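Since the structure comes first, as structure tokens, the remarks are kept for the end.
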There are 2 protein chains.
Amino acid sequence: MISKKCKYAIKALLYLADHQSDERSVFSSEIAEKENIPKKFLETILRELRNFKLLQSQRGKTGGYRLIKNPDDIYLSELIRMVDGPIAMLPCVSLNYYASCEECDEENCEIKTVFEKVRDRTLEVLTTTSISSMKNKV
Amino acid sequence: MISKKCKYAIKALLYLADHQSDERSVFSSEIAEKENIPKKFLETILRELRNFKLLQSQRGKTGGYRLIKNPDDIYLSELIRMVDGPIAMLPCVSLNYYASCEECDEENCEIKTVFEKVRDRTLEVLTTTSISSMKNKV
DNA sequence: ATAATTCCTATCAACTTTATAGGAATTAAA
DNA sequence: TTTAATTCCTATAAAGTTGATAGGAATTAT
């Protein structure tokens, strides 16, 4: 399961992709209201996404957020990793957040292989799905 | 991520598949020791698996556990569901543990589709991998 | 009787998740 | 220069989940 936080992040980016323009940043309060996301929680999420250089923010009365990266180039795999961390179902098969299994003999592990397959299948989808491609529900 | 509990369950079933026989049940303490699983924790896991009719148990001095189901017929998908619950990355795309998203308009949801794809790819692996097939690491 | 097992309930510490509170800093505009 | 609206930041916290452990009861072969 992805966290609610991650789902909120996806929704926020989708909303931004639709509603921003060169002239217009978008208030977090607007996103929160339209997407039914708790206001203060969304603020912290947007700040994180800004720290990851996905967003640009502007303070003050005419402030708000806008995308820095082209939504064509924001892939779900990287977004999930930023917000939730590992995608794999086992720490020892994670590509970006590898952690060894203390109780295992990893050389002779019988359960790694299947979760490597799951990881690869999952990534086939997530690394080819961008924020903009999610708009075309096929 | 699957839980440690789930990983322990997989290991326990793999161990049973290898070490049981018609004459021999296996003690939980033996599995715990050989697989480095906390003893008391494993007891509760094995009891759950028994309740799910995967295992049979016998009390007393010559007691222990053995598989009821053929390990050819125990698929990872069902095991994970028994121990951890849903496999899908979103409640609203879960086949066995569906839950609606309160804050979403599910008809027009832009994020469901991709997670349905992930679910299907994941299940392609997990529904075709049995305890016995995990022995042949290919 | 004894010893070894499974069975059962309750408990619990640590961690994670999902937020909220309370304000500070910034900015445009009245 | 004041006001109002925003982002930014830190701290806190309630609720839920995870990963166990405690303490014994019931069962069974010897």
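On a predicted model such as this, the values are computed, not experimentally measured, just so you know. Reminder, nothing fancy here: chain letters follow the sequence lines and each chain counts from 1.
Remark: of the listed residues A/V125, A/N96, A/L95, A/L126, A/L126 is the sole one forming a side-chain contact (heavy atoms from CB on, under 4.5 Å) with A/S77.
Nearest heavy atoms, A/V93 versus A/K112: CG1-O, 3.9 Å.
Nucleic acid contact class of A/K5 (heavy atoms, under 4.0 Å, all strands): sugar-phosphate only. Using a 4.0 Å heavy-atom distance criterion, B/F27 is classed as a sugar-phosphate-only contact. At the heavy-atom level, B/Q58 lies under 4.0 Å from the strands shown only through sugar-phosphate atoms. Counting non-hydrogen atoms under 4.0 angstrom, A/K40 reaches a base of the nucleic acid.
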query = Could you walk me through whether A/N70 and A/D73 pass the side-chain hydrogen bond (donor to acceptor under 3.5 Å, both in side chains) check?
reply = CA-CA 5 Å; A/N70 190 317; A/D73 300 325; 4.8 Å; no
key: side-chain hydrogen bond (donor to acceptor under 3.5 Å, both in side chains) between B/D72 and B/S130, intermediate numbers included   = CA-CA 6 Å; B/D72 292 343; B/S130 65; 5.1 Å; no
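One can place CZ of B/R59 at 5 Å from P of D/dT27, the figure rounded to the nearest angstrom. The distance from atom CG of B/D84 to atom P of D/dT17 is 12 Å, rounded to the nearest whole Å. Regarding B/E35, its CD atom lies at a distance of 17 Å from the P atom of D/dG19, rounded to whole Å.
On the nucleic acid side, DNA chain C contacts chain A at distances under 4.0 Å to non-hydrogen atoms, with the end points of that region at C/dT18 to C/dA28.
When the nearest nucleotides of DNA chain C are assigned to B/G60 and A/L42 by heavy-atom distance, the more 5′-ward of the two goes with B/G60. Ranked by how close their nearest DNA chain C nucleotide is to the 5' end, A/I2 and A/E43 are led by A/I2. DNA chain D is contacted by both B/T62 and B/T44; B/T44 maps to the nucleotide lying nearer its 5′ end (nearest heavy atom per residue).
For D/dA20, one of the phosphate oxygens OP1 or OP2 lies less than 4.0 angstrom from a side-chain nitrogen or oxygen of B/Y8.
Using a 4.5 Å cut-off between side-chain heavy atoms of Ile, Leu, Val, Met, Phe, Trp and Tyr, with links allowed through other members, A/V114 and B/L123 fall into the same hydrophobic cluster. Residues A/M1 and A/I45 are members of separate hydrophobic clusters, defined by side-chain heavy-atom contacts under 4.5 angstrom among Ile, Leu, Val, Met, Phe, Trp and Tyr.
A side-chain donor from one of A/E30 and A/Y15 sits under 3.5 Å from a side-chain acceptor of the other.
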